[in-house]
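Since we're looking at a predicted model, the values are computed, not measured. Every heavy atom of this structure was used, including side-chain atoms; hydrogens, water molecules and symmetry mates were not.
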Amino acid sequence: MAGEASSSPSSSASEIVTLNVGGQRFDTTRHTLLSINDTFFSVLLSGRLPSSKDQTGALFIDRDPALFAIILNYLRTNQLFAVTEANVEALKHEAQFYGISPLVRQLELYGSLVESPTCSGDILFQVGFI
């Protein structure tokens, strides 16, 4: 389905990029990875960051693939899904690694809501995602 990942800055925005994150393959577009400015991905795809490729030519990123899937969906939709009390801190750490500031802020807000419930612990509304 996907071809070799390219690091050429002149590549089209719809170009398919194949990533190998922690041994799991992800196919996405350059446009998705660059949907937020000044991130790990903008540096990686510009060629300014040394990168490794696996045996298929996919760019290799030695990070947690389960958390990356949540981050990639955020880049695709600008919405946050699958965040739980159990993974919020790890996800925030990954968002910081990738330099995705809007996601870091949302996860900090989510964490503060979980840690400091208001109204003596009574929940007045349910937050599905931030």
Side-chain angles (χ1 to χ4, degrees):
M1 175 176 169
E4 183 173 315
S6 172
S7 60
S8 169
S10 63
S11 299
S12 73
S14 63
E15 175 188 346
I16 294 174
V17 177
T18 302
L19 302 171
N20 174 342
V21 181
Q24 185 173 336
R25 183 181 165 122
F26 292 88
D27 294 326
T28 188
T29 63
R30 218 177 146 75
H31 174 75
T32 295
L33 293 175
L34 300 176
S35 63
I36 297 175
N37 294 328
D38 301 322
T39 67
F40 170 88
F41 303 109
S42 55
V43 177
L44 179 69
L45 295 177
S46 73
R48 296 180 310 212
L49 181 67
S51 60
S52 298
K53 293 186 178 183
D54 70 9
Q55 64 276 13
T56 68
L59 290 168
F60 181 75
I61 303 172
D62 192 15
R63 304 301 288 191
D64 184 307
L67 295 172
F68 181 76
I70 297 169
I71 289 172
L72 183 57
N73 279 331
Y74 176 82
L75 292 174
R76 288 174 173 149
T77 65
N78 203 27
Q79 295 183 20
L80 193 52
F81 300 101
V83 178
T84 65
E85 277 187 67
N87 73 3
V88 69
E89 283 302 313
L91 194 53
K92 184 172 79 171
H93 179 76
E94 291 299 290
Q96 289 168 334
F97 172 83
Y98 291 116
I100 305 172
S101 299
L103 179 55
V104 171
R105 286 190 297 274
Q106 287 183 10
L107 291 165
E108 287 172 344
L109 178 59
Y110 180 92
S112 68
L113 287 173
V114 169
E115 291 173 7
S116 303
T118 59
C119 300
S120 302
D122 293 335
I123 297 177
L124 300 176
F125 60 93
Q126 179 178 357
V127 178
F129 64 90
I130 297 179

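The OH atom of Tyr74 sits 13.5 Å away from atom OG1 of Thr32, with the distance rounded to the nearest 0.5 Å. Note that the OG atom of Ser35 and the CZ atom of Arg30 stand 13.0 Å from one another [nearest 0.5 Å]. If you take CG on Leu33 and OG1 on Thr39, they are separated by 8.0 Å, rounding to the nearest 0.5 Å. A distance of 6.0 Å separates CG in Leu59 from CG in Leu19, rounded to the nearest 0.5 Å. Rounded to the nearest 0.5 angstrom, Leu103 CG and Gln96 CD are separated by 9.5 Å. How far OG1 of Thr28 is from CG of Leu72: 4.5 Å, rounded to the nearest 0.5 Å.
Heavy atoms only, all atoms of each residue included: Tyr98 and Ile61 are closest at OH-CG2, 3.8 Å. Shortest non-hydrogen contact noted between Leu67 and Asp64 is N-OD1, 3.0 Å. Smallest separation of non-hydrogen atoms from Pro65 and Gln24: CB-OE1, 3.5 Å. The two atoms that bring Val21 and Arg63 nearest to each other are CG1-O, 3.5 Å, heavy atoms only.
Side chains of Leu107 and Leu80 form a contact here, defined as non-hydrogen atoms less than 4.5 Å apart. Looking at Leu75 and Phe41, their side chains come closer than 4.5 Å, going by heavy atoms from C-beta outward. Looking at heavy atoms from C-beta onward, Asn20 lies out of side-chain contact with Arg25 at the 4.5 angstrom threshold. For the pair Leu34 and Thr29, the minimum side-chain heavy-atom distance is 4.5 Å or more.
Under the 4.5 Å side-chain heavy-atom criterion for ILVMFWY residues, no single connected hydrophobic cluster contains both Phe60 and Phe97. Val104 and Ile71 end up in different hydrophobic clusters when Ile, Leu, Val, Met, Phe, Trp and Tyr side chains are linked at under 4.5 Å.
A salt bridge between Arg105 and Glu108 is absent, with no side-chain N of the basic residue lying under 4.0 Å from a carboxylate O of the acidic one.
Panel note: side chain Asp54, backbone Ala58; a donor-acceptor pair is recorded below 3.5 Å.
Under the 30°/60° scheme for interplanar angles, the aromatic rings of Phe26 and Phe68 are found to stand perpendicular.
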